[in-house]
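Notes for the one structure printed next.
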Amino acid sequence: MDNSSDAHSRHRCAACYRQFNRMEHLVEHMRTSHHSRHEPRCGVCGKHCRSLDALRDHLGFGASLPSKPACATAFQAHGCPLCLAVFPTSAALRAHCAACKLSRAPIPSSVQSLTRTMSRMGVRGGGGAVALGCKMVGGGSDGTLDVCARVCVVDEHEAILYESFVKPLIPVTHYRYESTGIRPEHLRDAPTVKQATRRIQDILLNGEQSYYSSRGAARLLVGHGLEHDLDALGMDYPAHLRRDTAAYPPLMKTSARLMSNSLRYLTRSCLGYDIQTGGHHHPYDDCVAAMRLYKRMRAMRDQHGRSKDNDDDCTAKAFPSIGLQVSTSE
């Protein structure tokens with residue numbers, strides 16, 4: 001009787017189902033846990049998890065004992081291993097999986113010809129999102145300083161808006177050819193960093209004079225490790241317009257302190273294909289992977305009642321750039 005009475009008297013968090021003996025402990029937990037609709041949720045019991053890795057543990061991925069065997073059993077029967085959604089029938093799961101697992105986007109054979117799409121798709125029209133990816137070569141006496149030598153920008157449809165080699169401001173001491181494929185002749189007549197930055201800013205501004213214009217046509221900037229890429233380009237971009245897949249809590253590692261996962265790991269675990277597996281790496285691959293991750297996370301939020309056309313301030317706070325804390329107001 002006493003044990004049953006204690007169990008019923010405990011206070012349970014409605015999001016993560018943790019239980020507390022005292023109401024003030026539950027209140028403190030809710031104040032500090034940042035539970036929001038952006039957190040991944042178990043499709044069986046509805047529990048909020050801190051990250052996709054935590055949800056995988058809850059469902060028994062790679063764990064000897066799942067945190068809730070009933071959820072693991074249901075997921076094994078009708079669950080998608082990529083987006084972690086659960087479906088009512090095997091037929092529904094099969095239909096979903098055919099579209100959920102993506103293939104690697106083919107790198108265009110002539111990327112320069114596709115930059116013409118910028119005038120048709122990139123600058124005119126509404127806001128939307130673009131993804132940025134950079135490839136670095138080595139600078140400094142030991143070649144360990146990251147210097148941008150190639151840049152790519154794609155739209156939400158994976159069309160290239162801008163792609164170019166970039167001439168660094170400082171001498172290159174290590175071209176890292178094995179992974180970048182970049183040679184000295186590629187940079188000899190390339191635009192300077194300032195010229196490339198100006199083109200990228202034109203795409204991001206989307207006809208606006210300022211990022212803070214009342215019309216709100218400036219584009220969202222998607223990427224993985226955006227702070228690093230923007231520093232290499234000598235650019236700044238408002239935090240409320242950044243969507244960094246390296247700093248989005250549901251995509252980060254589960255630990256006492258959230259840490260970033262690599263883009264390669266996220267592409268494999270969430271999209272179902274491999275990038276950066278050997279040979280020369282094109283920044284187009286990184287742009288497409290980051291954009292697909294962003295769109296997948298956006299779709300997961302849509303499932304919990306968010307308007308598809310309203311990427312509002314709450315979204316910006318829960319999809320922070322590096323160094324920003326998730327808001328508690330959602």
Side-chain angles (χ1 to χ4, degrees), residues 1-76 78-79 83-88 239-240 243-261 270 296-308 310-330:
M1 288 290 293
D2 291 340
N3 290 339
S4 176
S5 176
D6 288 344
H8 287 295
S9 65
R10 302 188 76 187
H11 304 281
R12 189 176 79 159
C13 172
C16 68
Y17 303 158
R18 284 188 60 186
Q19 295 186 10
F20 300 87
N21 290 327
R22 301 173 65 89
M23 175 58 75
E24 52 264 38
H25 295 164
L26 172 60
V27 172
E28 177 65 16
H29 163 75
M30 294 299 294
R31 188 183 69 83
T32 60
S33 62
H34 309 301
H35 288 313
S36 77
R37 63 189 174 191
H38 302 271
E39 291 180 330
R41 295 171 61 183
C42 174
V44 182
C45 70
K47 176 183 177 179
H48 288 232
C49 295
R50 193 179 190 190
S51 68
L52 289 175
D53 281 350
L55 179 54
R56 291 187 184 98
D57 289 342
H58 172 79
L59 295 171
F61 278 66
S64 57
L65 291 175
S67 61
K68 195 166 184 181
C71 294
T73 301
F75 185 82
Q76 288 171 7
H78 302 302
C83 69
L84 306 181
V86 179
F87 296 86
H240 73 281
R243 302 293 184 268
D244 194 335
T245 56
Y248 184 42
L251 291 174
M252 299 176 79
K253 296 178 183 177
T254 301
S255 62
R257 173 174 169 268
L258 287 176
M259 300 176 63
S260 298
N261 275 307
C270 298
R296 175 146 294 180
M297 295 300 101
R298 186 174 63 185
M300 288 176 65
R301 298 199 302 274
D302 293 341
Q303 293 172 3
H304 300 298
R306 172 184 165 270
S307 170
K308 293 184 178 181
N310 180 26
D311 201 341
D312 55 15
D313 290 340
C314 290
T315 300
K317 291 173 184 175
F319 212 136
S321 57
I322 291 176
L324 295 183
Q325 188 176 16
V326 182
S327 171
T328 61
S329 63
E330 298 177 60

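To the nearest 0.5 Å, atom CE of residue Met300 and atom CG of residue Leu52 are 5.0 Å apart. To the nearest 0.5 Å, the span separating CZ on Arg50 from OG on Ser33 amounts to 10.0 Å.
Without hydrogens or angle criteria, Tyr248 side chain to Met297 main chain gives no donor-acceptor distance under 3.5 Å. Between the side chain of Arg41 and the backbone N or O of His38 there is no donor-acceptor pair closer than 3.5 Å.
Nearest heavy atom pair, residue Cys270 against residue Leu251, reads SG-CD2, 4.1 Å. Considering all non-hydrogen atoms of both residues, Ser51 and Pro249 come closest at CB-O, 3.6 Å. Here the closest heavy-atom approach between residue Met30 and residue Cys13 is recorded as SD-SG, 3.4 Å. Across all non-hydrogen atoms, the minimal contact from Ala72 to Leu59 is CB-O, 3.3 Å. Annotation for Met259 and Met252: closest pair O-CB, 3.2 Å, computed over non-hydrogen atoms. Nearest heavy atom pair, residue Arg22 against residue His11, reads C-CD2, 3.6 Å.
The shortest distance between side-chain heavy atoms of Cys45 and His58 falls below 4.5 Å.
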Pair Phe61, Leu55 - check side chain to side chain contact (heavy atoms under 4.5 Å, CB included), show working. CA-CA 9 Å; Phe61 278 66; Leu55 179 54; over 6 Å; no

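Ring-plane geometry between Phe20 and His29 is classed as tilted, the angle between the planes lying from 30 to 60 degrees on a 0 to 90 degree scale.
Every residue was checked against the side chain to side chain donor-acceptor pair (under 3.5 Å) condition with His25, not counting sequence neighbours, and none meets it. The side chain to side chain donor-acceptor pair (under 3.5 Å) check on Thr73 picks up nothing, with sequence neighbours excluded. Residues satisfying the side chain to side chain donor-acceptor pair (under 3.5 Å) test with Asn261, not counting sequence neighbours, are none.
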